[in-house]
Amino acid sequence: LYSVKHLQSWILKLIPDTWERDMTTENQELRKAGLKVTLPRVKILQILENSVNKHMSAEDVYKALIEADEDVGLATVYRVLTQFETAGLVMRHHFEGGHSVFELTPVDHHDHIVCNKCGRVEEFYDEIIEAQQDKIAENYGFKITDHSMYLYGICDICQKSDAWAVSVIRVTKSGKI
């Protein structure tokens with residue numbers, strides 16, 4: 001019979017160094033946030049950290065887990081994301097259109113611009129806007145403690161696809177190609 005320590009060291013030899021190092025980083029982040037280290041929490045944190053899309057819905061996280069062949073249910077994803085939010089690991093944003101997205105809690109302040117059609121989210125920071133907000137607060141006798149700003153519009157990609165669709169409709173109605 002082998003001891004648990006012996007088996008753990010044997011298993012770790014089978015795991016690539018980078019994966020072990022990544023797991024250690026995630027484990028430390030979870031522990032620092034006061035959360036027990038579980039496989040679903042580690043996997044969800046890895047997805048949030050490694051995704052090109054920094055603003056993910058619970059469904060996006062769930063789909064990424066399925067694509068990675070991980071066996072984590074949607075209810076678990078919702079529960080873990082809520083735990084992450086409570087622990088301060090992620091921020092939840094409630095954008096118009098009724099959907100919530102999560103992002104890892106940022107180190108630096110930024111605001112968001114959101115496409116009303118496809119839901120694309122971009123982050124930005126503008127010193128002039130920040131200074132103007134401070135000025136407005138001062139004029140009203142406020143000291144800003146926190147704020148969030150969401151701008152809504154149609155992104156360049158959706159604008160192009162709309163222009164294409166309008167030109168197709170015009171051609172169809174005129175009967176000329």
Side-chain angles (χ1 to χ4, degrees), residues 26 29-30 32-35 40-68 70 72-174:
E26 270 105 23
E29 288 178 45
L30 289 171
K32 193 165 53 173
L35 295 171
R41 286 180 182 153
V42 170
K43 293 297 179 186
I44 290 169
L45 188 55
Q46 284 178 333
I47 284 171
L48 291 170
E49 288 177 336
N50 298 322
S51 175
V52 173
N53 180 6
K54 298 300 178 194
H55 302 87
M56 299 181 77
S57 68
E59 291 80 8
D60 294 333
V61 172
Y62 177 67
K63 287 175 190 169
L65 286 164
I66 290 172
E67 288 171 11
E70 297 295 339
V72 179
L74 183 57
T76 301
V77 172
Y78 275 104
R79 187 174 55 256
V80 168
L81 288 172
T82 300
Q83 291 166 348
F84 283 1
E85 180 184 18
T86 302
L89 285 175
V90 300
M91 289 180 67
R92 181 190 310 242
H93 298 284
H94 301 281
F95 295 134
E96 284 183 12
H99 73 285
S100 293
V101 295
F102 298 85
E103 73 172 314
L104 290 173
T105 302
V107 176
D108 297 322
H109 168 75
H110 60 265
D111 296 303
H112 299 90
I113 187 163
V114 183
C115 180
N116 288 328
K117 286 201 162 245
C118 68
R120 179 174 137 200
V121 179
E122 296 293 337
E123 299 173 351
F124 70 94
Y125 175 82
D126 187 294
E127 287 182 26
I128 296 169
I129 290 173
E130 298 301 319
Q132 190 62 30
Q133 290 171 340
D134 289 337
K135 229 190 238 181
I136 291 167
E138 187 179 317
N139 288 344
Y140 286 94
F142 281 76
K143 179 175 176 27
I144 295 177
T145 57
D146 192 15
H147 84 275
S148 59
M149 182 170 66
Y150 305 126
L151 301 177
Y152 296 92
I154 309 297
C155 73
D156 55 347
I157 296 167
C158 290
Q159 288 176 50
K160 288 176 187 167
S161 67
D162 284 350
W164 178 83
V166 167
S167 66
V168 168
I169 290 168
R170 283 188 189 138
V171 167
T172 306
K173 283 185 177 179
S174 70

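For the residue pair Phe124 and Leu151, the shortest heavy atom distance occurs at CZ-CD1, 3.6 Å. The two residues Ile44 and Thr76 have their closest heavy-atom pair at CD1-O, 4.5 Å. Here the shortest heavy-atom pairing between Cys115 and Cys118 reads SG-N, 3.5 Å. Of all non-hydrogen atoms in Ile47 and Met56, the two that sit nearest each other are CG2-CE, 3.9 Å.
The salt bridge (charged side-chain N to carboxylate O under 4.0 Å, His left out) analysis of residues 113-125, with sequence neighbours excluded, yields the pairs Lys117-Asp162, Arg120-Glu122, Arg120-Asp156. Residue pairs meeting the ring-ring contact (aromatic ring centres under 6.0 Å, His included) criterion with at least one partner in residues 49-68, sequence neighbours excluded, are His55-His112.
Annotation for Lys54: atom NZ counts as buried by contact number, over 12 foreign heavy atoms lying within 6.0 Å.
Atom OG of Ser57 and atom NE2 of His93 lie 13.0 Å apart (nearest 0.5 Å).
Under the side-chain contact (heavy atoms from CB on, under 4.5 Å) criterion, Arg92 pairs with Thr82, Glu85, His94, Ser100, Phe102, sequence neighbours left out. For Thr105, there are no side-chain hydrogen bond (donor to acceptor under 3.5 Å, both in side chains) partners two or more places apart in sequence or in a different chain. Under the side-chain contact (heavy atoms from CB on, under 4.5 Å) criterion, Ala68 pairs with Glu70, not counting sequence neighbours. Listed by chain and residue number, Tyr150 satisfy the side-chain contact (heavy atoms from CB on, under 4.5 Å) test with Ser148 (two or more places apart in sequence, or in another chain).
Between Leu48 and Leu81, the closest side-chain pair of non-hydrogen atoms falls below 4.5 Å. Between Asn53 and Val121 the shortest side-chain heavy-atom distance does not fall below 4.5 Å.
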For residues 130-143, please give each side-chain donor-acceptor pair under 3.5 Å, one per line with the distance, not counting sequence neighbours.
{"unit_1": "Glu130", "atom_1": "OE2", "unit_2": "His109", "atom_2": "NE2", "d": "3.2"}
{"unit_1": "Gln133", "atom_1": "OE1", "unit_2": "His147", "atom_2": "NE2", "d": "3.0"}

task: Report the C-alpha separation of Leu104 and Leu45 in whole Å, then their side-chain angles, then the decisive distance to 0.1 Å, and conclude whether the side-chain contact (heavy atoms from CB on, under 4.5 Å) test is met.
output: CA-CA 9 Å; Leu104 290 173; Leu45 188 55; 3.8 Å; yes
